[in-house]
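Let me begin by presenting the structure, written as structure tokens, before commenting on it.
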Amino acid sequence: MTRIAKVIVDVAAYPVDRPFDYLVPADWHDLIECGCRVKVPFGPRNVLGFVVELASETDVPLDKIKPITQVLDIEPVLTEEMLSLAKWLKTQTICYEIDALQVMLPSALRAKYEKIVHLQVALEQLDPILAAFFKKSAKANFKQFEKESLLKELKQAVNKGHVRIENEVKQQGKIKEVRKVQIHAEASYIAEIEQQISKRAKKQIHLVQWMKAHCGEIFSPEEIYEQAGVTATVLQALIEMGAAKFIQEEVYRDPFTKDVAQTTALNLTAEQEQALSYITAAMKKQHNETFLLHGITGSGKTEVYLQAIQQALQDGKEAIMLVPEISLTPQMTERFRSRFGEMVAVMHSGLSVGEKYDEWRKIQQGKVKVVVGARSAIFAPFQHVGLIILDEEHESTYKQEDAPRYHARDVAIWRSKFHQCPVILGSATPALESFARAKKNVYTLLTLKERAKQQALPTVEIVDMREELKLGNRSMFSTSLIEAMRERLVRKEQIVLFLNRRGYSSFVLCRDCGTVVQCPNCDISLTYHRYNEKLKCHYCGYDEYVPQSCPQCQSEHIRFFGTGTQKVEEEIYKLFPEARIVRMDVDTTSQKGAHEQLLDIFGSGQADILLGTQMIAKGLDFPNITLVGVLSADTSLHLPDYRSSERTFQLLTQVSGRAGRHDLLGEVIIQTYTPEHYAIELAQAQQYEPFYTREMYSRHQAGYPPYYYLALVQVSHEDVIMAAEYAGRVADYLREKLSFNVAIIGPTTASISRLNNRYRYQCLIKYKVEPNLIETLLQLIKIYRTDWSKKGIQLIVDLDPSVI
DNA sequence: AGCACGCCGACT
DNA sequence: GTCGGCGTGCTC
């Protein structure tokens with residue numbers, strides 16, 4: 001019987017975004033399963049693909065069908081659950097199925113391709129310039145020819161048939177192995193060997209006796225040298241005699257750097273107890289209920305998570321815990337490791353490709369039961385998920401910014417339906433959408449109103465910086481913040497200073513003509529980095545050295561401007577020369593492990609002040625912090641984003657929560673130029689619900705979520721006119737096809753109007769119910785794929801965008 | 001997306 | 001005459 005595999009090929013393009021049929025060679029009938037990666041011929045080249053279905057017939061004429069070239073996995077890398085999740089993602093987010101499949105795997109399992117040039121004739125026949133590359137072997141890497149700009153010569157050789165170029169799929173995912181020694185399992189057998197040893201070989205006799213006490217056990221050679229007190233030659237001799245053998249053992253690269261002490265469950269408050277009981281009840285009933293756990297900062301949400309996970313493990317299930325990348329601090333992961341020990345895998349962007357792959361395999365092979373990770377950990381290949389948690393559920397990092405543009409919350413809810421398990425969305429400042437859903441009983445609301453250790457909430461003072469300016473204080477520190485800092489330094493208590501960096505970074509400005517140095521590829525000013533004296537574009541990565549004179553007017557009065565953390569650090573040193581400062585920003589934390597190291601320095605009391613951006617707003621829990629200063633609260637308030645008030649409120653509440661979490665009372669000082677704004681006033685009051693009510697009113701007025709859904713269509717082209725014209729066509733098309741009560745805003749320029757040399761325009765769709773939306777967008781893409789893409793137009797559709 | 005095929009202009 | 005430009009169309 002013939003067997004056909006339906007394969008999604010690794011080519012991200014609309015015309016090939018469907019399964020292709022391949023013949024499964026008879027030898028592999030038992031080997032190939034759904035979810036395996038395979039190598040297949042596709043047109044003139046070889047590509048990687050995923051088997052998504054097995055069938056016994058096909059509609060494709062048999063002369064067109066080609067066989068699978070190679071199987072890359074003995075065990076499928078994707079389960080049936082993941083295959084159907086990919087289909088759902090494809091329609092839900094309008095992406096290529098291959099993108100949806102790839103996002104579920106660690107990058108080590110995604111294909112890498114390499115062009116290889118094969119020599120087809122005798123070396124002497126070949127163009128002598130090319131011949132140099134084939135001295136060692138008949139194969140050479142295509143890149144070498146590119147580097148030496150010999151592509152013309154190469155092409156001629158291809159035309160003459162002297163060489164052949166092939167696209168090869170590189171096998172990925174190296175399993176790390178170490179050599180270990182396994183002692184023979186039978187003591188009697190070892191005893192026999194002992195008889196053969198010469199009486200003079202004292203060391204060998206010593207080792208063989210030690211081996212008799214460790215029959216069948218596995219050691220690293222080093223362990224044996226140390227424990228038995230012998231050297232490599234002695235061990236070698238006994239292995240040759242057969243008392244033990246070398247084996248290859250799979251190892252996992254261990255991303256944890258230090259050991260942690262075991263901890264046990266803490267006593268819960270009545271509130272925590274009640275929240276937990278609701279969650280465990282849903283777990284017992286195998287009910288896919290979504291809980292919104294709204295707990296103020298310091299109310300002990302994490303302890304509720306830990307005990308709920310404990311319950312899942314006791315029921316023989318697994319648990320997925322998501323945290324925003326930025327708060328995936330060592331403190332957080334340690335807390336999980338100390339509770340669940342070796343049962344925990346960690347997934348975040350700080351791990352190497354190999355480490356991520358190893359953590360993934362631990363999950364897939366069932367070696368761990370809990371995963372703590374950033375967004376993509378929602379795809380953890382567990383088979384019996386008992387609980388999914390999203391901590392800080394309001395964070396925008398849960399939405400992926402490129403294809404597939406999924407929200408981890410939606411995937412979590414999808415998987416919870418599949419596994420019949422609850423989801424916990426936890427936050428001190430829930431996203432408006434989530435709180436609204438809880439109010440409508442779509443989610444079950446659980447509330448923690450008290451701090452777990454009964455500490456008072458910190459006092460929050462708002463300082464009007466306009467008044468400071470009137471009083472002649474032109475520095476970035478208000479008098480009351482300076483006073484409060486001085487007090488803490490005297491009392492040897494710790495300070496956290498938070499710089500709301502968005503729109504606040506340092507740029508280079510000419511004081512004569514006002515020119516700000518811009519990125520040549522994007523419509524964005526370059527950011528100054530002191531450590532290498534360079535200007536860098538944070539969007540496309542372009543960098544250049546700081547110019548000595550203004551590129552516009554040649555004036556030499558050009559200098560960096562703005563308030564980066566480096567500038568603040570300098571200012572603090574002027575005020576308090578004796579203060580010990582730890583600065584955390586992109587510059588100081590870019591190296592691996594730097595984040596952890598800096599927090600260790602601060603946590604152990606070797607510094608007085610922790611100065612940083614967004615990355616210090618969450619998860620920090622140090623008992624000695626009694627003062628939190630927010631240098632400028634309103635920089636995030638005036639961004640052209642309908643969520644800017646919500647973001648500001650969330651940020652201020654989060655950062656205030658860092659103070660006074662233990663015995664000492666905390667104080668928060670917020671500096672602002674708009675103290676009357678409700679986001680700032682209500683953050684001072686530390687009241688979520690009044691903020692929710694006020695903000696819901698604004699959203700209702702302006703027609704934004706949660707009252708309306710949003711969809712964004714972005715058009716980009718290297719030429720402004722083309723981008724604008726086609727964005728106009730998009731708007732016309734949408735207005736024609738969508739119903740009259742759907743609002744279509746635009747086309748307008750995107751907030752970053754040029755990125756990587758492409759001009760960007762966008763249309764925003766606001767709708768309540770529009771059954772035709774997905775269908776209309778798909779039609780739009782159809783037009784685009786046949787016609788527009790040839791003209792260099794790029795079209796992106798983002799449903800429920802996080803940034804507009 | 002990539003790559004071959006195929007049809008037109010400017011060169012050894 | 002041929003080399004190479006890029007518009008067109010297909011990939012099981």
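Bear in mind the structure is a predicted one, so any value in this text is a computation, not a measurement. All values below were derived from every heavy atom in this structure, side-chain atoms included, with hydrogens, water molecules and symmetry-related copies excluded. So you know, we letter chains A, B, ... as the sequences are listed, proteins then strands, and number each from 1.
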Rounded to whole angstrom units, what separation is found between the NZ atom of A:K64 and the P atom of C:dC12? 8 Å

Applying side-chain contact (heavy atoms from CB on, under 4.5 Å) to A:S751 and not counting sequence neighbours gives none

Could you identify which residues of residues 15-29 of chain A place a heavy atom less than 4.0 Å from some atom of DNA chain C, listed by residue number, or say none? A:P15, A:V16, A:R18, A:F20, A:D21, A:Y22

Kindly write out the residues that satisfy side-chain contact (heavy atoms from CB on, under 4.5 Å) with A:S716, not counting sequence neighbours, or none if the list is empty. A:R758, A:R760, A:Q794

What residues form a side-chain contact (heavy atoms from CB on, under 4.5 Å) with A:R415, not counting sequence neighbours? A:E81, A:M82, A:L85, A:I320, A:V385, A:I388, A:V411, A:H419

Before accepting this row, confirm whether a basic side-chain N of the pair A:K356/A:E359 lies closer than 4.0 Å to the acidic partner's carboxylate O. no

In plain terms, say whether A:E433 and A:R643 are close enough for a salt bridge, that is, a side-chain N and a carboxylate O under 4.0 Å apart. yes

Please set out all donor-acceptor pairs under 3.5 angstrom arising from side-chain atoms of residues 719-734 of chain A, sequence neighbours excluded.
from: A:D719; atom 1: OD2; to: A:M722; atom 2: N; distance (Å): 3.2
from: A:E725; atom 1: OE2; to: A:R729; atom 2: NH2; distance (Å): 2.8

Among residues at least two apart in sequence or on other chains, which ones pass side-chain contact (heavy atoms from CB on, under 4.5 Å) with A:K768? A:Y708

Between A:K6 and C:dC12, is there a side-chain N or O to OP1/OP2 distance below 4.0 Å? no

Interatomic distance, A:I4 CD1 vs C:dC12 C1' [rounded to whole Å]: 9 Å

Span of DNA chain B in contact with chain A (heavy atoms, under 4.0 Å): B:dA1 to B:dC3

I need the CG-C1' distance between A:D10 and C:dT11, as an integer number of Å. 14 Å

Would you kindly check if the NZ (Lys) or CZ (Arg) of A:K766 is within the cone defined by 45 degrees around the ring axis of A:Y704 and under 6.0 Å from the six-membered ring centre? yes

In residues 43-59 of chain A, what donor-acceptor pairs under 3.5 Å come from side-chain atoms, sequence neighbours left out?
from: A:T58; atom 1: OG1; to: A:D21; atom 2: OD2; distance (Å): 2.6
from: A:T58; atom 1: OG1; to: A:V60; atom 2: N; distance (Å): 3.0

Please produce a list of atom pairs where a protein N or O lies less than 3.5 Å from an N or O of nucleotides 4-9 of chain C.
none

Just say parallel, tilted or perpendicular for the rings of A:F379 and A:Y406, cut-offs at 30° and 60°. perpendicular

Contacting residues from residues 51-63 of chain A, given that a heavy atom lies under 4.0 angstrom of DNA chain C: A:V60

Neighbour count >12 (heavy atoms, 6.0 Å) for atom NZ, A:K417: no

Who pairs with A:Y398 by ring-ring contact (aromatic ring centres under 6.0 Å, His included), at least two apart in sequence or on another chain? none

Name each donor-acceptor pair under 3.5 Å that joins a side chain in residues 93-103 of chain A to protein atoms two or more places apart or in another chain, with its distance.
from: A:T93; atom 1: OG1; to: A:L89; atom 2: O; distance (Å): 2.8
from: A:Q102; atom 1: NE2; to: A:D10; atom 2: OD1; distance (Å): 3.0

